[in-house]
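Side chains included, hydrogens not; waters and symmetry mates left out as well; all remaining heavy atoms used. Given the structure is predicted, the values throughout are model-derived calculations rather than measurements. Starting from 1, each residue takes its place in the sequence as its number.
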Amino acid sequence: MAEERFLMVRAGGWGFALPLEEALAVIDAPAKRPLPKSRAWCSGWVAFKDHVVPVLGGEGYSSLGPPSMLVIVERQGVLLGLPCQEATISAGVSCDNSGEEAAAGLPVAGEAEVDGIGRAMRPDLRKLYSVLGIQ
């Protein structure tokens, strides 16, 4: 198997491995602004490089805990903020594509075995965007 580089994200005791190409930036968690008439999964929005970025949150994701930083991800030109407490870059080997749903409520595309860290869930951005109703 080919070695990949991941952005390791810790959120509410969960470990997530995002392939580097899925993450645009990691920023200190800015103050969120309310998004009127937003969906239940959205805890507000932040500004990032002249874009309005909805932030994942709400009741379903409250177990992720209060964030100290925000990972900005992009899928087909649409940005989304994933709150987390920690983020580091690591090398690893993808080892599983089970497609299970994480206990934290995020759809996952399997797991990654990450050097020095162990196993971490790989969020499935395609499925996450679909579940959230983001086109």
Side-chain angles (χ1 to χ4, degrees):
M1 293 184 170
E3 185 172 274
E4 294 182 62
R5 292 179 54 81
F6 293 99
L7 178 66
M8 294 301 301
V9 175
R10 298 273 178 211
W14 299 97
F16 299 101
L18 286 164
L20 279 181
E21 63 271 8
E22 294 180 349
L24 286 183
V26 178
I27 59 175
D28 289 334
K32 292 179 289 190
R33 297 179 180 144
L35 191 60
K37 299 181 183 178
S38 66
R39 296 180 183 238
W41 60 263
C42 182
S43 65
W45 68 275
V46 298
F48 176 75
K49 294 186 177 181
D50 297 327
H51 294 279
V52 171
V53 180
V55 177
L56 186 63
E59 290 181 27
Y61 303 97
S62 60
S63 65
L64 296 180
S68 59
M69 54 188 62
L70 197 63
V71 177
I72 307 294
V73 297
E74 178 184 16
R75 177 162 168 74
Q76 296 179 343
V78 180
L79 305 181
L80 178 65
L82 302 177
C84 64
Q85 290 85 29
E86 180 183 329
T88 57
I89 295 175
S90 299
V93 178
S94 177
C95 62
D96 181 14
N97 288 313
S98 62
E100 298 174 7
E101 185 160 306
L106 296 174
V108 297
E111 292 184 326
E113 184 72 31
V114 181
D115 295 346
I117 295 173
R119 295 172 76 82
M121 292 178 280
R122 291 185 61 178
D124 184 341
L125 290 187
R126 180 193 55 78
K127 188 173 182 182
L128 176 62
Y129 273 49
S130 176
V131 166
L132 298 178
I134 301 173
Q135 301 301 323

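- A heavy-atom distance below 4.5 Å is not found between the side chains of Val53 and Leu70.
- Judged purely by atom type and a 3.5 angstrom limit, Trp45 has no side-chain atom pairing as donor or acceptor with the backbone of Val55.
- Between Ala87 and Val26, the shortest heavy-atom contact is CB-CG1, 4.1 Å.
- Closest heavy-atom contact between Leu56 and Leu80: N-CD1, 4.3 Å.
- The two residues Pro107 and Lys127 come nearest to each other via the heavy atoms CB-CD, 3.6 Å.
- The heavy-atom pair separating Gln85 from Ala11 by the smallest distance is OE1-CA, 2.9 Å.
- For the atom pair Arg75 CZ and Leu125 CG, the distance stands at 7.5 Å (nearest 0.5 Å).
- The shortest side-chain heavy-atom distance between Val9 and Leu82 does not fall under the 4.5 Å cut-off.
- Between Arg122 and Val108, every side-chain heavy-atom pair lies at or beyond the 4.5 Å cut-off.
- Leu7 contributes atom CG, which lies 7.5 Å from atom SG of Cys84 (distance to the nearest 0.5 angstrom).
- A donor-acceptor pair is defined here as one N or O able to donate and one able to accept, closer than 3.5 Å; no such pair exists between the side chain of Tyr129 and the backbone of Gln76.
- Listed by chain and number, the residues in a side-chain contact (heavy atoms from CB on, under 4.5 Å) with Met8 are Phe6, Ala17, Thr88, Ser90, Val114, Ile117, Ala120 (sequence neighbours excluded).
- Judged as a salt bridge (charged side-chain N to carboxylate O under 4.0 Å, His left out), and not counting sequence neighbours, the contacts of Arg126 are Asp124.
- Taking every heavy atom of both residues into account, Ala23 and Val71 meet most closely at CB-CG1, 4.1 Å.
- Residue Pro67 comes nearest to Pro83 through the heavy atom pair CB-CB, 3.4 Å, listed as atom of the first residue, atom of the second, then distance.
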